[in-house]
Amino acid sequence: MRIYLIGYMGCGKSTLGHRLAVETGIPFIDLDKFIEERNCKSVPHIFEEEGESGFREKERKALEEVSLFTDVIVATGGGAPCFFDNMELMNRTGITIFMNIDPSILAERLLKSKTERPLIKGKSKTELELFIAATLSRRLPFYRKAHFEVSQPDITPAALLKLIGVPQ
Ligand code: S3P
């Protein structure tokens, strides 16, 4: 079984992915960490040296690779569903879940986060809120192609598994 968690930066994909892995025993992969390991380079470093397009190519390759794993829970980067036919690849090879979290919660979390994210680096609170509003509206049509959508920021693994019909 493959489960892909998708949604904007800060929506909690990695946290939920870890918890789902503990609950189900299915291995968890954070796609950004996978890209970093495969390329021996951090995500900010890839953006710096190869630009966003270079990162998206690597992200696509990583997604193709993980989509071949038999059992895996994948937390994808916020932009992953919105490039190439990544969303179709995920929908074809697994169960996709869009974590649709309120933009004000996203902004709050991203301001506090210690993870370096090149797309929002150095933005003030207002700039970040405007950026989220603009990019989220472009990304929503891709996110909405997911098989399932959840909007509770603190959904439990058990509730999520029930929603997607996985027996526990
Ligand atoms: C990105 C989200 C990041 C990471 C990269 C680009 C995006 O992942 O892939 O910085 O385009 O939204 P998270 O969603 O895990 O922060």
Side-chain angles (χ1 to χ4, degrees), residues 1-37 42-44 47 55-56 59 62-63 66-67 69 71-83 86-87 89-91 93-121 123-125 127-166 168:
M1 174 189 301
R2 298 181 203 93
I3 297 177
Y4 299 98
L5 299 173
I6 70 163
Y8 204 82
M9 294 177 265
C11 71
K13 294 160 292 193
S14 298
T15 307
L16 183 61
H18 269 299
R19 295 175 65 199
L20 275 172
V22 171
E23 187 85 11
T24 59
I26 299 174
F28 170 71
I29 287 179
D30 179 305
L31 198 67
D32 282 340
K33 294 220 168 76
F34 189 80
I35 296 167
E36 293 183 331
E37 279 161 22
S42 69
V43 168
F47 266 80
F55 173 75
R56 297 303 172 194
E59 185 175 55
L63 204 51
V66 301
S67 72
F69 296 165
D71 289 305
V72 70
I73 295 167
V74 187
T76 64
C82 317
F83 291 83
N86 290 349
M87 200 59 221
L89 172 69
M90 291 188 275
N91 274 340
T93 57
I95 300 169
T96 49
I97 303 160
F98 168 34
M99 299 177 66
N100 189 5
I101 306 304
D102 193 271
S104 62
I105 299 177
L106 296 175
E108 216 174 279
R109 286 184 180 171
L110 290 170
L111 282 168
K112 282 193 210 137
S113 169
K114 289 190 182 78
T115 306
E116 199 185 318
R117 293 176 167 94
L119 293 178
I120 55 171
K121 197 177 172 192
K123 292 204 187 307
S124 68
K125 185 169 188 276
E127 285 167 344
L128 181 62
E129 283 166 354
L130 289 172
F131 181 83
I132 293 174
T135 47
L136 194 53
S137 69
R138 285 202 300 271
R139 288 179 173 193
L140 272 174
F142 295 93
Y143 294 158
R144 290 240 150 95
K145 291 183 190 169
H147 298 128
F148 297 95
E149 185 169 324
V150 293
S151 53
Q152 308 92 300
D154 48 5
I155 188 163
T156 61
L160 188 78
L161 291 168
K162 191 170 173 209
L163 174 81
I164 66 174
V166 174
Q168 293 162 71

Handout entry: Main-chain N/O of Gly78 paired to Tyr143 side chain as donor or acceptor, under 3.5 Å
Key = yes
Practice task
Using atom types as modelled and distance alone, determine if a side-chain donor or acceptor of Asn86 lies under 3.5 Å from a backbone N or O of Ala80.
Solution key: yes
Problem - Trace of the side chain to side chain contact (heavy atoms under 4.5 Å, CB included) decision for Val74 with Phe34 - result: CA-CA 10 Å; Val74 187; Phe34 189 80; over 6 Å; no
Exercise for the section: For residues Pro103 and Leu136, determine if any side-chain heavy atom of one lies less than 4.5 Å from a side-chain heavy atom of the other. Expected result: yes
Problem - Test item: Arg109 side-chain N/O and Gly10 main-chain N/O as donor-acceptor pair under 3.5 Å - result: yes
Problem - Candidate pair Ile164 and Ile3, rule side chain to side chain contact (heavy atoms under 4.5 Å, CB included), full reasoning - result: CA-CA 10 Å; Ile164 66 174; Ile3 297 177; 3.9 Å; yes
Problem - Derivation of the side chain to side chain contact (heavy atoms under 4.5 Å, CB included) call for His147 and Asn91 - result: CA-CA 7 Å; His147 298 128; Asn91 274 340; 3.3 Å; yes
Practice task
For the pair Lys121 (side chain) and Glu116 (backbone), establish whether a donor and an acceptor sit closer than 3.5 Å, ignoring hydrogens and angles.
Solution key: no
Exercise for the section: Considering non-hydrogen atoms only, spot the tightest contact between Leu119 and Phe131 and give its length. Expected result: O-CZ, 3.9 Å
Exercise for the section: May I ask you to decide if Leu5's main-chain N or O and Thr96's side chain share a donor-acceptor pair within less than 3.5 Å? Expected result: no
Problem - Separation between CD1 of Ile120 and CG of Leu106, rounded to the nearest 0.5 Å - result: 10.0 Å
Exercise for the section: May I ask you to decide if Thr156's main-chain N or O and Arg19's side chain share a donor-acceptor pair within less than 3.5 Å? Expected result: no
Practice task
Determine, step by step, whether Leu20 and Ile26 satisfy the side chain to side chain contact (heavy atoms under 4.5 Å, CB included) criterion, reporting the C-alpha distance in whole Å, the side-chain angles of both residues, the deciding distance to 0.1 Å, and the verdict.
Solution key: CA-CA 8 Å; Leu20 275 172; Ile26 299 174; over 6 Å; no
Practice task
Indicate yes or no: does Glu36 engage Lys33 in a salt bridge with an N to O separation below 4.0 Å.
Solution key: no
Practice task
For the pair His18 and Phe28, name the ring-plane relationship: parallel under 30°, tilted 30 to 60°, perpendicular over 60°.
Solution key: tilted
Practice task
Write down the atom of Ile6, the atom of Ala146, and the distance for their closest heavy-atom approach.
Solution key: CD1-CB, 4.0 Å
Practice task
Using a 4.5 Å cut-off on heavy atoms from C-beta on, say whether the side chain of Ile97 contacts that of Leu163.
Solution key: no
Handout entry: Polar side-chain atom of Lys13 near backbone of Met99 as donor-acceptor pair, under 3.5 Å
Key = no
Handout entry: Chi angles and distances behind the side-chain hydrogen bond (donor to acceptor under 3.5 Å, both in side chains) call for Ser67, Tyr4
Key = CA-CA 9 Å; Ser67 72; Tyr4 299 98; 4.7 Å; no
Handout entry: Residue pair Thr135 / Tyr8, side-chain donor-acceptor N/O under 3.5 Å
Key = yes
Handout entry: Flag, side chain of Asn100 to backbone of Val150, donor-acceptor distance under 3.5 Å
Key = no
Exercise for the section: Carefully, step by step, assess Glu129 and Lys125 under the rule salt bridge (Lys or Arg N to Asp or Glu O under 4.0 Å). Expected result: CA-CA 6 Å; Glu129 283 166 354; Lys125 185 169 188 276; 3.2 Å; yes
